[in-house]
Amino acid sequence: MADTSAIIDRLRRVVGDRVIVDTDRMASYTTDWTGRFRGTTVAVVRPGTTAEVAGVVRACRELGVALVPQGGNTGLVGGGVPLHGEVVLTLQGMRSLSPVDGTAGQVTAEAGVTLAAVQQAARSAGWEYGVDLASRDSATVGGMVATNAGGTRVLRHGDTRAQVLGVEAVLGTGAVLSHLGGLIKDNTGYHLPGLFCGSEGTLAVVTAARLRLVPALPERTVAVLAFATVTDAVAASVLFRRSLTTLDAAELFLAPGLDLVCSVTGLPAPFDRRYPAYLLVEAADRSDPTGALAEVTGSVGGVLDVAVATGAHRRAELWRYREAHTEAINTLGPPHKLDVTLPLGSLAAFIDDIPGTVRSVSASARTWLFGHIGDGNVHVNVTGVAPDDERVDGAVLHRVAAAGGSISAEHGIGAAKRRWLTLSRSAEEIHAFGAVKRALDPDGILNPHVLLPEQAGAR
Ligand code: MLT
Ligand code: ZN
């Protein structure tokens, strides 16, 4: 492998002075958002065009140096930081957003465009973007494609893969693929955009995406319902999904998480009393959905209290109780983030049991549970465990697999769950993954230390 100065010189020949080598300036690129994953690198390179990305990839290939593509660095599984000394290829320099195509209901965004910018552009043109998540101001299109980001609207509009109609991307060979026409029916072979969604930068560096937009539904109502048990909250979410055609989101949080959010943010508690479990639902339509939401709420069993918001300000306040969980938990030190899906029939028992499972492995650990209950997706966050102590991770993920769940619902595998991929994928599937990886990245330079077990992606 080339020495540091040869790498820096070669990268400078591609992007000029947009190569960061100063340790302080590189710090925000080498540590993940949670602080659990800390890496090092010789350089952070910031190309401004797809041609420059291709030049960087070709340079790294010639030098035999691995690279980690990075968007807004909001990933939660250590998949976007250089844990093995890789060069960091930040896509933050690619921020062009096409005008919204109001006829097609589509927009083309370069990889470094934030989710919030896409949402804003869509809204200004009378459309909406179907994906939303709390890190919208930092999360970028390239990262969201690479991780197949989910979020709070999946039950209505699907995940990122369901929004992506085309991509531009650079393979591990430096070849550029560009298919951004946005035709909805385009049945001409392998669906590469779908393949790149969730590939975690291991197959290609996504430089732009053609995104479908959804009709704007400006009338919104949010309700937080309180329950005595998680079982009641899950049953209520099923009823909402079945009966409320305007349902946009169904999110769960529990008393300890709400207490923490209120103490960290200073928000007042939503109710005079403390209840064990809370379900946040949002309905959205062209006309006021409050009546329909109230009607379904009236037929839900076990509701102990309800807070309803129609105005934008109060709606945002109710959402804060759920969305602020991530930042509140991070104040306790780097958490282990175990984002999992369970079959809905097993979800309540899992949520009730998992704190005990965690405690049996680590007495100092504390478990925080919340998530997108409408999708069967619960975020198991564990604090009080050293960043490199993986015993809790193993215990939780084995329990998930035993219950027929998936070890990653929406965050991906990254570095954090790589050793447990076999719990959710067969040897044959992983072999096929490896064959695809070798075909598109023959020298194994694109994010080689995530997702696939070490041997599966090797040449
Ligand atoms: C969320 O939905 O808030 C995040 O995906 C979960 C997390 O921070 O663990
Ligand atoms: Zn989530």
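One-based numbering, in listed order, for ligands and for the atoms of each. Scope of the values below: all heavy atoms of this structure, side chains included, with no hydrogens, waters or symmetry mates. This chain uses plain numbering: 1 for the first residue, then up along the sequence.
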Residues in the immediate environment of ligand 1 (any heavy atom closer than 4.0 angstrom)
L76, R322, T326, K337, F370, H372, H379, N381, E410, H411

So do W127 and Q106 actually touch side chain to side chain, heavy atoms under 4.5 Å?
no

Tell me which N, O or S atom from H372 is the closest to the Zn ion (ligand 2).
NE2

Just checking, is any N or O donor in the side chain of H372 or E410 under 3.5 Å from an acceptor N or O on the other one?
yes

Out of V230, T231, D232, which residue meets the side chain to side chain contact (heavy atoms under 4.5 Å, CB included) rule with V234?
V230

Taking R161 for its side chain and G194 for its backbone only, find out whether a donor-acceptor pair lies under 3.5 Å.
yes

Which atom of E410 is nearest the Zn ion (ligand 2), counting N, O or S only? It is OE2

If only atom types and distance count, is the side chain of Q70 paired as donor or acceptor with the main-chain N or O of Y29 below 3.5 Å?
yes

Atom CD in E323, atom CG in D132: separation rounded to 0.5 Å?
6.5 Å

Test side chain to side chain contact (heavy atoms under 4.5 Å, CB included) on V113 and S96; report intermediate values, then the result.
CA-CA 7 Å; V113 174; S96 292; 5.8 Å; no

